[in-house]
Every structure is written in structure tokens, then in C-alpha cells.
Amino acid sequence: MSTTFFRFRWLAVLGVGLLARPAAAQQFELNSLPVAPAPAPPPGAPLPKLTSVPAAAQYRLAAITIDDARPLTSSRAIKLPAFSRPGQMDKVWPMLTPEQRAGIQRVLRAPFSADSTKPAVTLRCQLDDAYQTFFATTEDENVGAGARVTLELLDAQGELLRTATGQQRLTRRSLDARQSVLEELYQQALLSAVRHGLLQLIMTAAAE
């Protein structure tokens with residue numbers, strides 16, 4: 001009887017020890033190897049569809065304001081020489097056209113609900129930077145475009161609900177830079193920055 005009791009007790013202790021070892025080892029692994037954050041999407045990567053974010057349906061967009069806060073806007077076209085020399089460069093901050101304003105408004109309005117029972121909000125878009133660049137090397141000509149915006153979501157009383165920023169920078173390399181290519185690149189960078197900021201704004205709303 002005594003021998004059986006001690007044998008049972010020894011097996012129980014051994015079983016607990018075996019069960020505890022994997023847990024301890026797992027705890028050691030979790031403490032020793034921190035989980036790395038998810039990598040950021042590369043520049044120019046396609047963004048998720050804004051309409052797939054449920055938070056976009058929480059509000060009804062009553063108004064949109066677009067403010068150009070750039071201090072150096074100009075109507076001057078960028079200089080793209082017919083025959084460039086290495087090191088030749090230029091940079092301009094084009095004035096925002098009515099067509100570009102309309103395009104920004106379409107992007108900002110798209111994900112929001114049209115339900116009149118939803119809370120009304122105003123979306124303010126501030127254009128912090130938007131530019132075109134040209135740079136020549138001994139081998140090729142490079143054109144680029146970049147944009148940065150700040151978005152603010154305000155309630156019906158004008159109180160700030162949340163804010164977000166979006167930016168994009170694109171470059172194109174060729175043997176002979178074209179104005180049409182640069183204009184397309186600029187339009188893409190501008191709207192992509194707005195989409196990026198809007199996505200950040202809506203994702204913030206979804207997390208709350």
C-alpha cells in the first residue's frame with residue numbers, strides 16, 4: 001500500500017514537470033524574441049480600397065474645404081531642356097487647378113455614407129506641399145513629383161475629431177524627359193497623398 005502511494009505520487013510529480021516544461025520554454029521564447037512590427041508598404045504600393053473600411057460609413061460628409069498652404073506656388077512651367085547637361089535641375093510648385101481641386105474632392109467624398117441620419121462632418125484638406133522636379137545626369141533625365149497633405153475631420157460644431165497626414169513621392173527616369181509624363185506623375189502623387197491621408201484618418205476612426 002505504501003509502495004503504491006509513493007509510486008503514484010512520483011508519477012504525478014513527473015507528469016506536472018513534463019507539462020510545465022513546454023509552457024516555460026514557450027514563455028522564454030515570447031520574452032526573448034519580440035515580435036517585429038509589420039513592414040510599411042513600399043512607396044507607390046496600391047492602397048486598400050477605402051470603401052472596405054467600415055468606419056467610412058459612420059459619418060455623412062456635409063462639406064469639404066481645400067486650403068493651399070504652400071508659400072511658393074507659381075504658374076511657371078518647369079524647365080525641361082531639349083539637350084540637358086549633367087547636374088542641370090529645376091523645381092516648381094504648380095498652382096492648384098480647378099480640375100485638381102475637383103479630383104481631390106472626388107477622392108475625399110467617395111468613402112463616406114450618404115445616409116442623412118448619420119452624423120454630419122466637415123473634412124478639411126490642407127495642401128502642405130506639392131512640387132515637380134527635374135534633374136539630369138550623365139546617363140539619363142529624371143523627373144519627380146511629390147505631395148503632402150494634412151486632413152482634419154470636424155463635427156457639426158466645428159470641433160476637431162481627428163487628424164491625419166498623407167504623402168507620396170514618385171520619380172521617373174528616361175533618356176528624354178517629357179512634360180506630359182511629369183504632369184501625369186504629379187497628378188498621381190497628389191491624389192495618392194490624399195488617398196493615403198484619408199485612409200489613415202478612417203483607420204484611426206475604426207480603431208476607436
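The hydrophobic cluster containing Leu198 also contains Leu61, counting ILVMFWY residues as joined when their side-chain heavy atoms lie under 4.5 angstrom apart, directly or transitively. Leu190 and Trp93 are not part of a single hydrophobic cluster, where members link through side-chain heavy atoms under 4.5 Å apart. Linking ILVMFWY residues whenever their side-chain heavy atoms come closer than 4.5 Å, directly or via other members, leaves Tyr131 and Tyr186 in distinct clusters. Using a 4.5 Å cut-off between side-chain heavy atoms of Ile, Leu, Val, Met, Phe, Trp and Tyr, with links allowed through other members, Val121 and Leu154 fall into different hydrophobic clusters.
By the 4.5 Å heavy-atom criterion applied to side chains, Leu201 and Arg162 are counted as neighbours. Between Pro119 and Arg60 there is no side-chain heavy-atom pair separated by less than 4.5 Å. Inter-residue side-chain proximity for Val92 and Phe134 is flagged as unmet; no heavy-atom pair is nearer than 4.5 Å. A heavy-atom distance below 4.5 Å is found between the side chains of Leu96 and Leu127. At a threshold of 4.5 Å between non-hydrogen side-chain atoms, the residues Arg172 and Asn142 do not count as touching. Within the 4.5 Å cutoff, the side chain of Leu151 has heavy atoms near those of the Leu108 side chain. With a 4.5 Å cut-off on side-chain heavy atoms, Leu170 and Gln188 count as touching. A 4.5 Å side-chain heavy-atom check between Ile78 and Leu182 finds at least one atom pair inside the cut-off.
Distance CZ/Arg101 to SG/Cys125: 9.5 Å, rounded to 0.5 Å. Thr163 OG1 to Glu152 CD: the interatomic distance, rounded to the nearest 0.5 Å, is 4.5 Å. Of the inter-residue distances, the one linking Asp155 atom CG with Thr122 atom OG1 reads 8.5 Å to the nearest 0.5 angstrom. Here CG of Leu191 is found 14.5 Å from NE2 of His196. Values are rounded to the nearest 0.5 Å. Taking CD1 of Ile66 as the start and CD1 of Ile104 as the end, the distance is 5.0 Å to the nearest 0.5 Å.
When every heavy atom of Gly197 is checked against every heavy atom of Ala164, the shortest pair comes out as O-CB, 3.6 Å. Taking both residues in full, the closest heavy atoms of Ala147 and Ala193 are given as O-CB, 3.7 Å, listed atom of the first, atom of the second, then distance.
Gln100 contributes a side-chain N or O that, together with a main-chain N or O of Thr97, makes up a donor-acceptor pair within less than 3.5 Å. Checked by atom type and distance alone, the side chain of Asp67 never pairs as donor or acceptor with a backbone atom of Ala69 at under 3.5 Å. Remark: the backbone N or O of Ala130 is paired with a side-chain donor or acceptor of Arg70 at under 3.5 angstrom. The backbone N or O of Gln168 lies less than 3.5 Å from no partner atom in the side chain of Arg148, so there is not a single donor-acceptor pair.
Counting only N and O atoms by type, the side chains of Gln126 and Thr150 include no donor and acceptor under 3.5 Å apart.
Ion pairing between Asp129 and Arg169 fails under the 4.0 Å rule for side-chain N and carboxylate O.
Taking the ring axis of Tyr59 as reference, the NZ or CZ atom of Lys118 does not stay both within 45° of it and closer than 6.0 Å to the ring centre.
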